[in-house]
Amino acid sequence: MNILDHLKKKNVKLFILFFIIAFVFLIFSKLSNDYKQTIKLKVNLVNVDDEILLKNDSANYIQAYVEARGFSLMPFVFSNIKELEVNAKSDVTMKSNSFIFDVAKHKYLIEDQLGNAYDLISIMPDTLLISYSKRASKLVPITFNSAINYAVGYDLKGEFNFNIDSVKVVGSLEEVEKISSVASESLVLNDVKSDIGNIVRLDISDYDNVDVFPKTIEVSGEVARFTEGIIEVPIIITNQPGNVVINYFPKTVTLSYYVDLENYNAIKALDFKVECDYAELEDNQTFLKPKVVKKPDFVKHVNIKQKQIDFIEL
């Protein structure tokens, strides 16, 4: 009995195995056949201008009747929707409040995105209207905020560089007109001694009803070793009346400045100009105030040692 039971169990297992193999071959045979099916293509417009607001319209679909192998149609067993990308700059025409997509004319576009596995038999409708509304927009400058502490002996050489100098603000006309600039979040760095390269977000926390494009900026700057320099520069008196003769002292002032090592030896007194404006004198004032009105662009933190220039009228 035990042997018979064993053979029966073995036969049952073989039967189940052959049944499964036969079923798999049947499935493969069925999926290898050609079938016809309707696929819904949801049209997604790409490369749309920032101020364009597309309406979530359930009519933005194309019905594509296709023929394909069962294997290719398997993804559509649970959903017969496929997305179709349409370029707003090249694939549609624009009129008031809607884009016009000539479906029949762009049959090649549909075939290309469906792929070679599908034969497109027919498409409906011939033309698709995609509704939109348009918001106000304008370009505004960016205000860069930073809190950067450089390591001792280091500083920024030149100025910061930005990948953009303005952003587009989009929204209702009333909201857009209120905005004259957009500030960045503060770039906080400490003990900096190497070149700066950061992506900084724009501060749009106050703009709930306005969109800003883009929302980040790229900031870069060259950091170099700096040293202090000292130089004597003559004083120039400006706006002195022709009928007034004065004698002033000292005739020169000492300037201290911060400069990168590469340009340290190139600094000359002629690169600076220090002026005292006679027209700024107040009543009974017996001294002039010197101001630096010219300096090289690469020089930082210029300071005048003498804060006032004494004079007498002759």
Side-chain angles (χ1 to χ4, degrees), residues 30-140 163-177 179 182 202 204 207-216:
K30 291 292 184 181
L31 291 178
S32 297
N33 294 332
D34 288 336
Y35 297 92
K36 295 177 181 178
Q37 181 174 329
T38 298
I39 299 174
K40 290 181 70 175
L41 301 177
K42 184 180 185 301
V43 176
N44 285 337
L45 274 183
V46 297
N47 206 14
V48 180
D49 289 337
D50 299 322
E51 55 266 39
I52 297 295
L53 189 63
L54 296 175
K55 295 183 179 179
N56 188 16
D57 196 335
S58 59
N60 294 345
Y61 286 89
I62 296 170
Q63 302 285 344
Y65 188 48
V66 301
E67 183 175 2
R69 293 287 177 87
F71 289 107
S72 299
L73 295 172
M74 280 287 289
F76 301 104
V77 171
F78 301 103
S79 174
N80 68 336
I81 298 176
K82 179 179 174 63
E83 292 191 352
L84 177 72
E85 282 197 356
V86 175
N87 193 320
K89 300 296 185 187
S90 58
D91 299 331
V92 298
T93 55
M94 197 173 183
K95 74 171 189 178
S96 178
N97 299 325
S98 64
F99 291 103
I100 304 173
F101 179 47
D102 190 330
V103 180
K105 179 181 175 182
H106 290 86
K107 181 180 178 182
Y108 72 92
L109 179 68
I110 299 171
E111 290 175 329
D112 184 57
Q113 293 194 32
L114 281 174
N116 295 328
Y118 301 87
D119 290 328
L120 185 59
I121 299 172
S122 64
I123 45 178
M124 292 181 60
D126 291 336
T127 303
L128 190 68
L129 295 181
I130 303 172
S131 301
Y132 71 86
S133 58
K134 194 168 185 179
R135 300 174 292 175
S137 68
K138 71 175 181 180
L139 290 173
V140 297
N163 65 321
I164 54 173
D165 58 8
S166 60
V167 292
K168 182 187 286 187
V169 293
V170 179
S172 68
L173 181 61
E174 181 182 5
E175 293 294 327
V176 167
E177 286 183 340
I179 302 172
V182 174
L202 298 178
I204 56 176
Y207 307 138
D208 294 334
N209 301 316
V210 174
D211 287 326
V212 178
F213 303 96
K215 293 178 172 56
T216 61

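Just the heavy atoms: all of them, side chains too, but no hydrogens, waters or symmetry mates, feed the values below.
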(request) Using atom types as modelled and distance alone, determine if a side-chain donor or acceptor of Arg135 lies under 3.5 Å from a backbone N or O of Asp50. (result)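 Side chain of Arg135 to backbone of Asp50: a pair is present.
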How long is the straight-line distance from [atom2] of [Y] back to [atom1] of [X], given to the nearest 0.5 Å?
X	Y	atom1	atom2	value
Ile52	Ser137	CD1	OG	9.0 Å
Leu54	Ser131	CG	OG	9.5 Å
Tyr132	Met94	OH	CE	3.5 Å
Ser133	Glu51	OG	CD	11.0 Å
Ile123	Glu111	CD1	CD	8.0 Å
Asp165	Leu139	CG	CG	9.0 Å

(message) Consider side chain to side chain contact (heavy atoms under 4.5 Å, CB included). Of Val92, Val86, Val103, which one does Val43 pass it with?
(response)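 By the side chain to side chain contact (heavy atoms under 4.5 Å, CB included) criterion, Val43 pairs with just one of Val92, Val86, Val103: Val86.
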Mind checking whether [X] and [Y] have side chains closer than 4.5 Å, heavy atoms only?
X	Y	value
Thr216	Leu202	no
Glu83	Leu41	no
Asn44	Leu84	no
Leu173	Glu177	yes
Phe101	Thr127	no
Lys215	Ile204	yes
Tyr61	Leu128	no
Val176	Val170	no

(message) Looking at Lys89 and Asp49, is any side-chain nitrogen of the basic one under 4.0 Å from a carboxylate oxygen of the acidic one?
(response)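 Here Asp49 pairs with Lys89 in a salt bridge, since their nearest N and O are under 4.0 Å apart.
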(request) For Asn97 and Lys95, test the side chains for any donor-to-acceptor distance below 3.5 angstrom and give the result as yes or no. (result)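 On atom types as modelled, these side chains do not qualify, holding no pair under 3.5 Å.
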(request) State, to 0.1 Å, how close Pro125 and Ile62 come at their nearest heavy-atom pair, and which atoms those are. (result)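 So the two residues come closest at CD-CA, 4.5 Å.
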(request) Could you tell me which non-hydrogen atom of Ala136 sits nearest to which non-hydrogen atom of Ser172, and how far apart they are? (result)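 Residues Ala136 and Ser172, closest heavy atoms: CB-C, 4.1 Å.
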(request) Would you verify whether the NZ or CZ of Lys168 falls within 45 degrees of the ring axis of Phe213 while also being under 6.0 Å from that six-membered ring's centre? (result)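 Ring-cation test returns no.
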(message) Is it the case that atom CE in Met124 sees more than 12 heavy atoms from other parts of the structure closer than 6.0 Å?
(response)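 No.
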